[in-house]
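Here's the structure we're looking at; comments come further down.
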Amino acid sequence: MALLADLGFSKSTSDNCLFVKSRRAPVLLNIYVDDIIIACTSLKQLHDFENAISKHLRVKILGDIQHILGWKVTKNSAGIVHITQDAYI
């Protein structure tokens, strides 16, 4: 928690797993156990976070999200994200 605060993130009041860094364009982190999902509007924001967190923790960058917590996540060519739980239907 202190590391995220040092990096400019604050904990959401509505979700204990969500951290927000608001500047011109927000950066959202969703943290569950040892997984981090980052949502941002630019690759620069993504790389800045990856570089900053890598200075303090051993991390493995897995690329675009595909599965998490039983969800299947896909993104179409227009950049629209779809989340499904087909395995549970």
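Throughout, numbering of the chain's residues begins at 1 and tracks the sequence. When reading the values below, keep in mind they use all heavy atoms of this one structure, side chains included, and skip hydrogens, waters and symmetry mates. Because the structure is predicted, anything quoted here is derived from the model rather than measured.
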#### Entry: I31 vs D35 side-chain heavy atoms within contact, under 4.5 Å
no

#### Entry: Co-membership, hydrophobic cluster, residues L4 and L18, 4.5 Å side-chain
no

### Query
Can you check whether L29 reaches F49 side chain to side chain, under 4.5 Å on heavy atoms?
yes

### Message
Test your reading of the model: is there a side-chain donor-acceptor pair from K21 to the backbone of L7, 3.5 Å cut-off?
### Response
yes

#### Entry: Other residues, nucleotides, ligands: >12 heavy atoms within 6.0 Å of E50 CD
yes

### Query
Using a distance-only test with no angle check, is there a side-chain donor-acceptor pair under 3.5 angstrom linking T41 and Q45?
yes

### Summary
To the nearest 0.5 Å, atom CD1 of I83 lies from atom CD1 of I65 at 7.5 Å

### Query
For the atom pair NZ (K75) and CD1 (I80), what is the distance rounded to the nearest 0.5 Å?
11.5 Å

### Summary
Of all heavy-atom pairs linking V59 and S54, the shortest is CG2-OG, 3.1 Å

### Task
Flag yes if more than 12 heavy atoms outside D6 fall under 6.0 Å of its CG atom; otherwise flag no.
yes

#### Entry: Student check: side-chain heavy atoms of V27 and F9 closer than 4.5 Å
yes

### Query
Do L3 and V33 belong to the same hydrophobic cluster, where Ile, Leu, Val, Met, Phe, Trp and Tyr are linked whenever their side-chain heavy atoms lie under 4.5 Å apart, directly or via other members?
no

### Query
Under a 4.5 Å cut-off applied to non-hydrogen side-chain atoms, are V73 and H67 in contact?
no

### Query
Going only through I, L, V, M, F, W and Y residues with side-chain contacts under 4.5 Å, is there a path from L57 to I61?
yes

#### Entry: I38 and L46, any side-chain heavy atoms less than 4.5 Å apart
yes

### Task
Measure across H82 and N76 and return the closest heavy-atom pair with its distance rounded to 0.1 Å.
NE2-ND2, 3.8 Å

### Task
Evaluate the side chain to side chain contact (heavy atoms under 4.5 Å, CB included) criterion for residues I36 and N30: first the C-alpha distance (whole Å), next the side-chain angles of each, then the deciding distance (0.1 Å), finally the verdict.
CA-CA 6 Å; I36 298 175; N30 192 289; over 6 Å; no

### Message
Any non-hydrogen side-chain atom of Y32 less than 4.5 Å from a side-chain atom of L69?
### Response
yes

